[in-house]
S.K.: 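Attaching a single structure in structure tokens format; questions to follow.
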There are 2 protein chains.
Amino acid sequence: MNTSSRFTVAIHILTLLAHGGGEQMTSEHIAGSVNTNPVVIRRLLSLLRDAKLVTSQVGVGGGWLLARPPKGITLRDIYRAVEGSTLFPLHSNTPNPRCPVGSTIQSALGGHFEEAQLALEKDLERTTVADLVKEVQTLAR
Amino acid sequence: MNTSSRFTVAIHILTLLAHGGGEQMTSEHIAGSVNTNPVVIRRLLSLLRDAKLVTSQVGVGGGWLLARPPKGITLRDIYRAVEGSTLFPLHSNTPNPRCPVGSTIQSALGGHFEEAQLALEKDLERTTVADLVKEVQTLAR
DNA sequence: ACGATTGGAAACTATCTTGGTTACAGTTCG
DNA sequence: CGAACTGTAACCAAGATAGTTTCCAATCGT
């Protein structure tokens, strides 16, 4: 299963940007909050930019900005941006085509897996970055 | 996301056992359908046994059996048996405790992640091994 | 024009997970 | 006894992940 913290860190980044209130923020500053290397942050930010969730500006005084209001960014958007592949991969070796189960199990599973992933994403859609900013502000006082 | 094909293979195994109609099956036979090594199968079966989904018998004529009727085994049971950890891991390094976002984001995310995982599992609960056997039988003709 | 500050990107490393394989000990049955 | 099983440990190759260094390009203030 998904064993990376990319999703968590990506949410952290966007919440931080929203928390900043529209000010440009450098990858180094973000890295200070996440407690990692700026290059790791930039790698994630470039995925988020591909998904049109953030914009970047190079040069002095440059940095990163949200491309949309925090209320318009859901956890599902972030999930899709950074966790490209499917939730449940199929077999690494194709099963035995001469077995009734082996020859059919993958297509039987496909629909169920897709459905389950949609159920997950539908739940993720319920929470926006704006919600998280509000929660963080409540917790931090 | 990681992610591994354990879930897929575990479903395959249980569907195969159910398809066999209550006959004991060896790990080597199962490996033939999955197209992998018997030891890989036994590793997964031992997880499934821990979850009380299958039983094993050693020695000549031994093998594996479902511990419950196929109708009583859902994809959620299988998921829980083989994918132990949480769906979305938090940061690998703990975020900056002196940052309002860094110090609170993990507890803010905890609830949402748990909720999303429950939504996923609730969907997985809708499908049983008996359903898959039926689908396989339809597809295989 | 210069120099400082920033993102962009490649390359390399260490670590972990996964899947596959070999090997061997223990159990059961004929 | 000997064959057919499970139960495990150990090891390897391949891939993913996170961290780091390094260099280039763009931008801005002076």
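Sequence lines set the chain letters: A, B, ... in the order given, protein chains first and strands last, and positions in each chain run from 1.
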S.K.: Is there a side-chain polar atom (N or O) of B:Arg6 under 4.0 Å from OP1 or OP2 of C:dT18?
M.R.: yes
S.K.: Would you call B:Arg126 and B:Asp123 a salt bridge, taking side-chain N to carboxylate O under 4.0 Å as the test?
M.R.: yes
S.K.: Assign the ring pair A:Phe7 / B:Phe113 to parallel, tilted or perpendicular, where the plane angle (0 to 90°) is split at 30° and 60°.
M.R.: parallel
S.K.: Between A:Gln24 (CD) and D:dC28 (P), how many Å, whole number?
M.R.: 10 Å
S.K.: Consider the side chain of B:Val40, meaning its heavy atoms from C-beta on, and name the nucleotide among C:dG19, D:dC28, D:dT17 that approaches it most closely.
M.R.: C:dG19
S.K.: Atom CD1 of B:Ile30 and atom P of D:dG7: how far apart are they, to the nearest Å?
M.R.: 11 Å
S.K.: Could you give the CG-to-P distance, from A:Leu47 to C:dA9, as a whole number of Å?
M.R.: 11 Å
S.K.: Can you tell me how far P of C:dG7 sits from CG of A:Leu44, to the nearest Å?
M.R.: 14 Å
S.K.: Rounded to whole Å, please give me the gap between CZ in A:Arg43 and P in D:dG19.
M.R.: 9 Å
S.K.: Mapping A:Val39 and A:Gln57 onto DNA chain D by nearest heavy atom, which one lands closer to the 5' end?
M.R.: A:Val39
S.K.: What's the closest nucleotide to the side chain of B:Ser27 if the choices are C:dG8, D:dG19, D:dT6?
M.R.: D:dT6
S.K.: Please pick, from D:dG7, C:dG19, D:dC28, the nucleotide with the shortest atom-to-atom distance to any side-chain atom of B:Arg42.
M.R.: D:dG7
S.K.: Can you see if the side chain of A:Thr26 gets near the phosphate of C:dG7 - specifically, an N or O under 4.0 Å from OP1 or OP2?
M.R.: no
S.K.: Both A:Ser46 and A:Gly59 contact DNA chain C. Which one's nearest nucleotide lies toward the 5' end?
M.R.: A:Gly59
S.K.: Can you tell me how far C1' of D:dA18 sits from CZ of A:Phe7, to the nearest Å?
M.R.: 19 Å
S.K.: For A:Pro38 and B:Gly62, take the nucleotide of DNA chain D holding the closest heavy atom to each; which residue's nucleotide lies nearer the 5' end?
M.R.: B:Gly62
S.K.: Counting only heavy atoms from other residues, nucleotides and ligands, does the tally under 6.0 Å from CD of B:Glu115 exceed 12?
M.R.: yes
S.K.: Provide, to the nearest angstrom, the distance between the CG atom belonging to A:Asn93 and the P atom belonging to C:dG19.
M.R.: 10 Å
S.K.: Within this structure, what is the CG-to-P distance between A:Asn37 and C:dG7, rounded to whole angstrom?
M.R.: 12 Å
S.K.: A:Arg49 has a side chain; which of D:dT20, C:dG7, D:dT8 sits nearest to it?
M.R.: C:dG7
S.K.: Would you mind reporting whether B:Ile73 and B:Leu66 have side-chain heavy atoms less than 4.5 Å apart?
M.R.: yes
S.K.: Does B:Asp131 pair with B:Lys71 as a salt bridge, N-O distance under 4.0 Å?
M.R.: no
S.K.: Looking at A:Thr36, does any N or O in its side chain come under 4.0 Å of the phosphate oxygens OP1/OP2 on D:dG19?
M.R.: yes
